[in-house]
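Computed over heavy atoms, backbone and side chain alike; hydrogens, waters and symmetry mates excluded. Note on naming: letters A, B, ... go to the chains in the order of the sequence lines (proteins, then strands), and numbering restarts at 1 for each one.
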Number of protein chains: 2
Amino acid sequence: MKSLEERFGEILRNLREKNGITQEALAADCDLDRTYISLLERGLRQPTIGTLFKIAEALKVPPSKIIKELESN
Amino acid sequence: MKSLEERFGEILRNLREKNGITQEALAADCDLDRTYISLLERGLRQPTIGTLFKIAEALKVPPSKIIKELESN
DNA sequence: TTTAAATTCTGACTATAGTCTTCAAGGATA
DNA sequence: TATCCTTGAAGACTATAGTCAGAATTTAAA
């Protein structure tokens with residue numbers, strides 16, 4: 001089965017695309033590097049909870065919703 | 001107001017005490033270092049989401065519940 | 001009080017989160 | 001074709017998550 005990082009990456013990419021923004025725009029919104037967003041989406045990094053909160057806010061979704069989605073599947 | 005790390009630390013300590021276990025026992029349960037649990041509880045570190053999941057499981061609470069509690073206050 | 005258990009503190013260390021630069025690859029569009 | 005936009009990728013780097021050993025301090029019982 002997929003790792004936590006990979007599953008987080010899928011969720012992140014889905015949410016970003018649903019918001020219709022590029023990795024670069026998302027990175028700017030949450031004050032992170034564009035290449036790091038790429039790493040996250042490909043499951044090559046896992047965020048700290050502080051970074052989770054920044055990303056969730058930029059994507060206009062509660063951080064707990066992302067975590068909840070990680071708990072299933 | 002308190003930082004995310006400090007608020008996480010308080011939640012962690014409350015949950016651990018509710019479970020009636022020591023930092024050392026908790027650390028053993030989630031395969032982390034005892035001094036690191038101490039750092040977390042004092043708000044001097046923030047966990048990655050992987051570490052959050054390990055801690056939550058040891059404390060028998062859904063990770064999303066901890067995050068949800070962080071969203072309020 | 002003293003002893004033991006629990007936690008804090010220090011400091012040095014390893015692993016990994018997160019940055020930055022630059023270039024290459026792929027998909028649109030003209 | 002040529003150009004633009006977006007993402008992937010390499011590599012070197014900085015910041016911080018997480019470890020480890022041990023001493024100092026606090027807390028709770030005896």
Can you tell me how far [atom2] of [N] sits from [atom1] of [X], to the nearest Å?
X	N	atom1	atom2	answer
B:L52	D:dA17	CG	P	14 Å
B:L40	D:dG18	CG	C1'	9 Å
A:R45	D:dA15	CZ	C1'	13 Å
B:Y36	C:dT14	OH	P	19 Å
A:R42	C:dA17	CZ	C1'	15 Å
B:L39	C:dT7	CG	C1'	11 Å
B:E41	C:dA6	CD	C1'	11 Å

[X]/[Y] ion pair, N-O < 4.0 Å:
X	Y	value
A:K2	A:E10	yes
A:R16	A:E41	yes
A:E24	A:R34	no

Members of residues 2-35 of chain A that approach DNA chain D, where some heavy atom sits under 4.0 Å away:
A:R13, A:R16, A:T22, A:Q23, A:R34, A:T35

If you look at every heavy atom in B:L12 and B:I37, which pair is closest and at what distance?
CD2-O, 4.5 Å

Encode nucleotides 25-30 of chain C as B, S and - characters from 5' to 3', where the letter depends on protein heavy atoms closer than 4.0 Å: B to the base, S only to sugar-phosphate, - to neither.
------

Quick check: does any side chain N or O of B:N19 sit under 3.5 Å from a backbone N or O of B:I21, one acting as donor and the other as acceptor?
no

Check: A:E6 side chain, A:S3 main-chain N or O, donor-acceptor pair, under 3.5 Å:
yes

Testing the 3.5 Å rule here: is there a donor-acceptor pair between the side chains of B:T48 and B:T51?
yes

When you check the phosphate oxygens OP1 and OP2 of D:dT16, does a side-chain N or O of B:Q46 lie under 4.0 Å from one of them?
no

Could you pick out which residue, B:S38 or A:L44, lies toward the 5' side of DNA chain C when each is mapped onto its nearest nucleotide?
B:S38

Pick out which of B:Q46, B:R13, B:R45 makes a side chain to side chain contact (heavy atoms under 4.5 Å, CB included) with B:L40.
B:R45

Side chain to side chain contact (heavy atoms under 4.5 Å, CB included) assessment of A:I67 paired with A:L52
CA-CA 9 Å; A:I67 298 298; A:L52 166 70; 3.6 Å; yes

